[in-house]
There are 2 protein chains.
Amino acid sequence: MGTTSKALSLLNHFSRATPQIGLSELARLSGLNKATVHRLLAELTSHGFVEQVGAGREYRLGPAFLRLAALREKQVPMREVALQQLTELSTKTGETAHMSLLNGDVLSNLAYAYSNRHGTMVMMEDAEVLELHSTGSGLAVLAFSPTRFVNETLSRPLIARTSKTLTDPAEIRALLPAIRKRGMATSTGGFEEDVISYAVPIFDARSACIGAMAVAAPVSRMTDELRQDICDKLMIHARQTTRILGGFPPDGFPPYEPQNSLLREA
Amino acid sequence: MGTTSKALSLLNHFSRATPQIGLSELARLSGLNKATVHRLLAELTSHGFVEQVGAGREYRLGPAFLRLAALREKQVPMREVALQQLTELSTKTGETAHMSLLNGDVLSNLAYAYSNRHGTMVMMEDAEVLELHSTGSGLAVLAFSPTRFVNETLSRPLIARTSKTLTDPAEIRALLPAIRKRGMATSTGGFEEDVISYAVPIFDARSACIGAMAVAAPVSRMTDELRQDICDKLMIHARQTTRILGGFPPDGFPPYEPQNSLLREA
DNA sequence: AACCAATGGTTCAAATAATGAACCGATACA
DNA sequence: TGTATCGGTTCATTATTTGAACCATTGGTT
C-alpha cells in the first residue's frame, strides 16, 4: 500500500460516531506509527482535508471537501438527479425513498426524500452509513458485485443490528441469485426493527454496481397493494436514474415489466 | 514536499474550467513524471477521490467527496449557517449575498442567496473561484492575512478580469490598512463590470481569516442609502457568522457600530 | 508534592517506497 | 507509411518514509 493510500485511509476513520480523533487514537485505529500518522495529518491539514480543533488538539475533516464536492456535483450532478427521482418516488409511493453509494465496503447515503402522506415515516440521516448485510440496499449491491468482493464482505464479522439481521454468510449468499433474477432486494427489520425496505441496484457506464435506490416503509403499513406499488415505481425510477447518470444495467438485468396492469385485470 | 502532498495537489488542477484531465496533461500541469502521476491517480482512484471517464480515459473528481463533505457539514454546519445568514442578508438588502472560503491562494464559493426584490441580480455559481486581487472578498481576506501570505499572493501575476481590475501590487497593498481599520473591503467592477461588492472577513477560533461574506449589487442601482444599508446589515451578519462558527475577530477588529441612526438624524 | 499514565509532538539511522527515463501498444492524422 | 500523440508499464537508482525511543505537557492518584 502506497503512502498516499495510507493518508487517504486515515480519512475513513472519521464517521458520524467518531467525528474527531486524537493523534494517538488515530495511530491505534489505523495501525500506523504515531510519527507516521502525525506527518500524514500535517500534509492533509496543509491542504484543508483535516483540521485541528482547539482543546485536545484532536483532528476532524476539513473544509476542502465542501469545495471539491461542489465541483464534483457541478460536473456530475448525481445528488441533484437522485434527489429529483427520489422526490417523485416518495411522492408516488407515500413512503421514504433514498439512494446510497458504495464506498469501500459500506453504503453511504447520497440523498433521500420524505412523503407527507402519513404521520409516521422512516427517517434518514445525512452521511448515514448502511452495511451491506443488514439492509435491502446492501443486498441489492452484493447481488450485483464481483464474487471476490462478496466473499471479502461476508468473511468479515456481520453485526446484528436487530434480532432480525441476517448474520450467516451462507444464508445471505443463498438470497443473491433470486435478487439477481428479480433485479430487486428486500429486507425486513434487518437494520431497524419494524422497517421493510425494497432496493434496486444502480449501475455506472461500465455496468458496475455503484449503489442502490430504495424505498423504506413501516412494516405495520405494508399491504400487498402497497408492496406492488412500491416495487413498480421503484423499478421505474431506479432504471431511470441509472440511465440519466450515464450508466447501463449489466447483461441479464431484468427489464422493467409493468405488473400493475396484471393487478388491474385481477 | 511529501508524496501525499503531491497526490493532493493533483486534485487542485480540477476546476470548473478543466473538470477532467488526461494523464499526460496532468503530468504537464503538475510538473511531475507521468509514471508518478499515474501511480498517484491509481491510489486516488481506489479511494474514490478521482474516477476515470470512458472515452479518452480522462480523470475527474470522484464521488468520495460527496460523502466526506456531508460528514464535514454534519459536524461543522458551515454551509447551513452561512446559507441562513445569507438568506436574511439578501432579503434585507434586496441584493445578492454570498460567502466564500480561502482555499490555498483563491476563494471558493461556499453559499449564496438571491433576493427577489429586483428584476436584475448579480448571479453566482456553485464552485466558483474568486481571486484575491480582483474581488471585494479577496481584498477583505488579504487585509487580514499574514504579511508573508500577502507578499506571495501579490508577487504572482495578477490577471485583469475587467478594465477596472487592480493589477498593481503596490496599489492593492495601499488599500489594506484602510480595510483593516474599517473591517470591510469594497471593489467596483474588479471581477465583473458593473458590479460593486462589499465584503467583511470571517474568522476562525484562532482569529485567522478563513474567508469573507459579501453583498454584490449592480453599480447602476447603488445609492448612498443602499450603500449604507448594505454595509450596516453586512457588518452585523458577518460578525454573527464568525461568532456562530465558533470564531473570534482578531484584536483591533472594529466592533459593529450602527450608523443608520446617524443617517436617520440627518 | 511526587508519581504515573496518558497525551501531542520530534528525532534520525535503517528500511522501504517513490521516482523517472525508456519503453510498449494503440490511436489519430497526414 | 510515418509521425506524434495518447495511456500505461518497467526496473535500477534514489530519496522519502518509517518507527523505536525520546521530550514536554497535562490530568489524575496516592
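Protein chains get the first letters and strands the later ones, always in sequence-line order, with residue 1 at the start of each.
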May I have the distance from [X] (atom [atom1]) to [N] (atom [atom2]), rounded to whole angstrom?
X: B/L32; N: C/dT19; atom1: CG; atom2: P; value: 7 Å
X: B/E43; N: C/dA17; atom1: CD; atom2: P; value: 11 Å
X: B/M1; N: D/dT17; atom1: CE; atom2: P; value: 10 Å
X: B/L40; N: D/dG7; atom1: CG; atom2: P; value: 15 Å
X: A/L10; N: D/dT18; atom1: CG; atom2: P; value: 10 Å
X: A/E58; N: C/dT7; atom1: CD; atom2: P; value: 11 Å

Test: A/K74 and B/E128 ion pair at under 4.0 Å: no

Should A/E192 and A/R161 count as an ion pair when the cut-off is N to O under 4.0 Å? no

Where the side chain of A/A35 is defined as all heavy atoms beyond and including C-beta, which of C/dT11, D/dT10, C/dG9 is the nearest nucleotide? C/dT11

Listed nucleotide nearest any side-chain atom of A/Q52, set D/dA20, D/dT10, C/dG9: C/dG9

Whether [X] contacts [N] is assessed here as follows: a side-chain N or O lying under 4.0 Å from the phosphate OP1 or OP2. Is that the case?
X: B/Y59; N: D/dG8; result: yes
X: B/T3; N: D/dT16; result: no
X: A/T36; N: D/dT17; result: no
X: A/K6; N: D/dT17; result: no
X: A/R39; N: C/dT11; result: no

Treating A/H133 as the side-chain partner and A/L154 as the backbone partner, does any N or O pair qualify as donor plus acceptor under 3.5 Å? no

5' priority, DNA chain C, between A/N33 and B/N33 [closest heavy atom]: A/N33

Quick one: on DNA chain C, does B/G2 or A/E25 contact a more 5' nucleotide (nearest heavy atom)? A/E25

On DNA chain D, compare the nucleotides closest to B/R28 and B/H38; which residue's is nearer the 5' end? B/R28

Within the modelled atom types, does a donor on one side and an acceptor on the other bring the side chain of A/K34 and the base of C/dG9 under 3.5 Å apart? yes

Are B/F203 and B/F248 an aromatic pair, judged by ring center distance below 6.0 Å? no

At their closest point, which heavy atom of A/R239 faces which heavy atom of A/Y256, and how far apart are they? NE-N, 3.4 Å

